[in-house]
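Okay, so here's the structure we're looking at.
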4 protein chains.
Amino acid sequence: MGLSARDGGKAFGRGEASRLASYTSPMKMDDSARRQELLASAARLFRDVGYPRATVRDIAKAVGMQSGSIFYYFKTKEDILLEVMETAMRAFVLAGQRALEQAKTPREKLRLLFAGHLEALHGTRDETAVVLSEWRNLAPKSRRRMVKLRDQVDSMWDEALHEAVAAGMVQGDVRLLRLAMLGSLNWSLQWYSPKGGLSIQDLADRFVDFYVDVGPAKR
Amino acid sequence: MGLSARDGGKAFGRGEASRLASYTSPMKMDDSARRQELLASAARLFRDVGYPRATVRDIAKAVGMQSGSIFYYFKTKEDILLEVMETAMRAFVLAGQRALEQAKTPREKLRLLFAGHLEALHGTRDETAVVLSEWRNLAPKSRRRMVKLRDQVDSMWDEALHEAVAAGMVQGDVRLLRLAMLGSLNWSLQWYSPKGGLSIQDLADRFVDFYVDVGPAKR
Amino acid sequence: MGLSARDGGKAFGRGEASRLASYTSPMKMDDSARRQELLASAARLFRDVGYPRATVRDIAKAVGMQSGSIFYYFKTKEDILLEVMETAMRAFVLAGQRALEQAKTPREKLRLLFAGHLEALHGTRDETAVVLSEWRNLAPKSRRRMVKLRDQVDSMWDEALHEAVAAGMVQGDVRLLRLAMLGSLNWSLQWYSPKGGLSIQDLADRFVDFYVDVGPAKR
Amino acid sequence: MGLSARDGGKAFGRGEASRLASYTSPMKMDDSARRQELLASAARLFRDVGYPRATVRDIAKAVGMQSGSIFYYFKTKEDILLEVMETAMRAFVLAGQRALEQAKTPREKLRLLFAGHLEALHGTRDETAVVLSEWRNLAPKSRRRMVKLRDQVDSMWDEALHEAVAAGMVQGDVRLLRLAMLGSLNWSLQWYSPKGGLSIQDLADRFVDFYVDVGPAKR
DNA sequence: TATGAATGAGGTTTCATTCAT
DNA sequence: GATGAATGAAACCTCATTCAT
């Protein structure tokens with residue numbers, strides 16, 4: 001019959017253009033105030049009702065936008081989630097790095113790791129809560145990106161725990177120790193409220209004490 | 001057990017189901033094989049992809065039904081979730097009761113509580129995993145029902161922990177101890193696999209050791 | 001309809017069920033009256049305004065349905081297009097087969113091929129018009145299915161044209177002849193109307209005469 | 001040329017553009033380089049994916065513009081289509097005029113008409129392909145403008161065909177002859193590629209031969 | 001001249017739920 | 001007990017278009 005098709009589906013352009021990040025100040029939009037607002041709005045909603053039930057409309061409405069406008073800033077709802085979670089994970093990485101830098105003794109390292117993690121979790125940003133609960137809603141590709149960041153956090157903990165074991169402060173498998181500790185900390189998301197009269201620092205101390213034998217000096 | 005909820009639950013409930021077997025025509029459909037199949041199917045799906053993304057169609061399909069037929073057994077998708085979670089919570093209650101009954105010493109009590117909780121979590125049933133992650137998707141009314149069951153679990157833990165503290169095995173606030181411990185245990189859902197070469201019993205032992213000073217007897 | 005099948009999608013389940021086309025009468029729905037109505041409605045709209053501008057809502061409304069209901073019958077808008085086009089292509093195949101069977105002489109074959117093609121094109125069904133104009137909107141995979149059907153049509157024409165050339169009725173490259181002829185016929189879609197006083201049969205005769213030297217007998 | 005329209009054109013026009021260069025500030029923007037670039041970009045896109053699927057954004061991107069900027073040059077997406085199609089139609093008119101001027105004999109006229117039409121269709125410009133496929137997407141008012149141009153083309157063909165009939169080279173109704181011929185030629189869009197080893201000139205010759213009886217001496 | 005930001009209408013698709021049979 | 005058909009609300013996303021700058 002003679003119908004062919006010289007169109008080759010989706011991809012159009014031959015010349016295409018891929019034009020010049022140099023025109024506009026590079027990434028001008030990537031940290032525009034509006035974009036940040038949207039991310040914050042999304043983080044809060046994701047935290048409060050979960051990613052699947054947080055609608056694009058709601059996210060937009062919270063910053064006074066129409067739902068369609070969101071897609072000027074993000075390609076996909078899932079992209080927003082990924083970005084929120086990356087932000088959160090980087091906050092954890094940062095908290096870890098700071099803890100390791102500032103601490104002098106193995107015990108101090110643990111204490112600061114505990115406190116830093118809790119602060120990230122219960123601070124002003126909502127992202128960190130999201131990172132714990134929405135993992136499942138990431139596409140495999142996004143998940144892989146997150147895993148790398150998570151591994152960074154883990155290895156900082158392992159480093160500190162190795163020292164603690166060497167110092168005789170704790171005993172047992174480092175990995176299991178980390179898993180137990182982070183479980184305790186992360187679970188605080190389910191119950192901790194600063195209004196309860198227990199400060200983050202106090203909580204960190206109490207939790208550390210559960211794991212670390214109180215040394216002779218303190219006994 | 002320590003699940004709270006800072007979640008601002010939207011609008012939910014419609015009619016609110018008549019829940020208990022005893023209300024409706026007794027023993028007619030409430031534990032029919034089909035119904036149990038559906039609950040199991042739902043539990044698995046809820047665990048694997050989460051409640052919001054588990055569709056009624058999928059739940060039905062897994063037992064060879066049409067989606068419409070589900071509503072012969074359940075008034076609402078949320079009713080299914082509630083029932084799954086109640087089942088799970090009762091499993092935790094049961095595990096706790098058994099532990100307290102069988103154990104002789106305070107240390108044994110803790111060990112059995114740890115092991116029982118982990119077994120419930122990683123056993124053959126999928127419900128227990130659901131109870132930890134889908135709290136948010138319960139309507140307020142359902143949530144209240146769950147809270148009561150959770151409180152039962154909590155009080156068993158507290159009982160055991162009081163004894164442990166009295167025995168000098170652990171020190172610190174009982175509530176915080178429980179929260180830390182359950183956090184460690186629940187978090188295992190994120191990483192534990194029986195294929196890893198570590199048995200549930202072993203894991204329980206290791207975790208207990210993290211919290212309980214190895215006593216003189218064992219030293 | 002049973003489940004089984006070509007669903008490809010995400011796929012959760014482990015056990016899955018893959019249940020028995022034998023329960024329900026196989027393909028019961030595949031030619032339900034409603035489904036056929038939808039296909040007819042789609043064909044008409046595709047023909048009238050083109051696939052991209054024919055909305056699912058419009059297709060549904062034309063048979064008194066809501067847009068969502070369409071997806072009970074078809075997985076995708078594109079699936080509808082594919083099915084419409086396959087129907088059309090099969091009509092062309094059928095027309096060709098009939099022509100070749102009924103005709104005695106080479107000249108008769110051409111005449112019947114012309115007439116059959118034109119009848120398919122301008123008959124009561126709208127599908128055949130669609131097949132000529134919406135090729136571009138098929139996904140590559142669907143396109144491949146169509147190509148096979150198209151090739152069947154082409155080879156019937158080539159068969160007839162070979163004979164015609166052998167008989168000295170026409171001369172030239174068979175493929176180019178086919179392409180020229182089908183071009184003439186297909187283009188009639190742009191201008192032919194039965195109300196114009198020219199019957200399909202007449203038109204076929206005139207067109208054949210353009211291509212075939214009037215034989216000695218007729219001279 | 002023979003494009004009609006049984007298409008029931010829905011609602012379209014809004015304000016209806018002021019089209020011709022002479023209306024607006026003369027020679028200011030109407031043939032600016034940018035404008036021409038945009039038209040070329042649009043033509044290519046319209047040809048490759050069709051008018052409805054060619055987005056304003058894509059058209060703009062191909063020339064390194066933002067989508068909003070297009071509306072400085074054109075009032076409406078449909079205006080772009082109209083202009084592209086007018087350009088194309090004028091190319092066909094021009095091809096026809098040239099053919100009639102240069103040819104000496106009736107046969108030569110046909111040959112040049114065929115070749116000119118094919119050249120326009122498969123030359124470097126993408127517009128001519130668009131004119132054949134996007135008729136349906138023109139608003140009624142625009143369509144009327146196009147019809148006039150098309151009629152010019154048609155009458156040139158009719159003129160040549162009258163002579164050909166008078167010369168005994170072809171026989172039959174002039175209008176039907178034109179429709180058959182243009183069908184053959186236009187359909188080449190579906191299958192012809194210059195890479196196939198057949199030049200445009202050759203193709204024109206072959207096609208003419210299909211319609212014109214080769215006289216004994218080639219007389 | 002052109003951009004960057006946003007709109008708002010509308011597109012396809014999903015899904016819990018209903019109900020006659 | 002269960003199905004098949006359908007609903008209707010709402011989800012994500014697209015896109016021509018506007019407009020202040």
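Values below: all heavy atoms of this structure, side chains included; hydrogens, waters and symmetry mates excluded.
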If pairs are Watson-Crick or G-U with both distances under 3.5 Å, what is the dot-bracket string of DNA chain E, marking crossing pairs with [ ] and pairs to another strand with |?
.||||||||||||||||||||
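For the pair A:Arg35 and A:Glu83, the salt-bridge criterion is met [side-chain N within less than 4.0 Å of a carboxylate O]. Under the 4.0 Å criterion applied to side-chain N and carboxylate O atoms, D:Glu134 and C:Arg136 are assigned as salt-bridge partners.
A cation-pi arrangement is present between B:Lys77 and B:Tyr51, with the terminal nitrogen or guanidinium carbon under 6.0 Å from the aromatic centre and inside a 45° cone about the axis.
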Which letter, B, S or -, goes with each nucleotide of nucleotides 7-14 of chain E from 5' to 3', with contact meaning a protein heavy atom under 4.0 Å?
BB--BBBB
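D:Thr55 places a side-chain N or O within 3.5 Å of a backbone atom of D:Asp58 that can act as its donor or acceptor partner. Side chain of D:Gln66 to backbone of D:Ala60: no donor-acceptor contact under 3.5 angstrom is found. Checking side-chain atoms of C:Glu78 against main-chain N and O of C:Ala139 turns up a donor-acceptor pair under 3.5 Å.
In this structure, CG of A:Leu45 is placed 11 Å from P of F:dC12, rounded to the nearest angstrom. Between the NZ atom of B:Lys61 and the C1' atom of F:dG4 there is a distance of 16 Å, rounded to whole Å. Summarising the geometry, the separation between CG on A:Leu81 and C1' on F:dC12 is reported as 15 Å, rounded to the nearest angstrom.
Put simply, the side chain of B:Val131 reaches to within 4.5 Å of the side chain of B:Met146, judged on heavy atoms. Residues B:Phe46 and B:Ile59 form a side-chain contact, since some pair of their non-hydrogen atoms from C-beta on lies under 4.5 Å apart.
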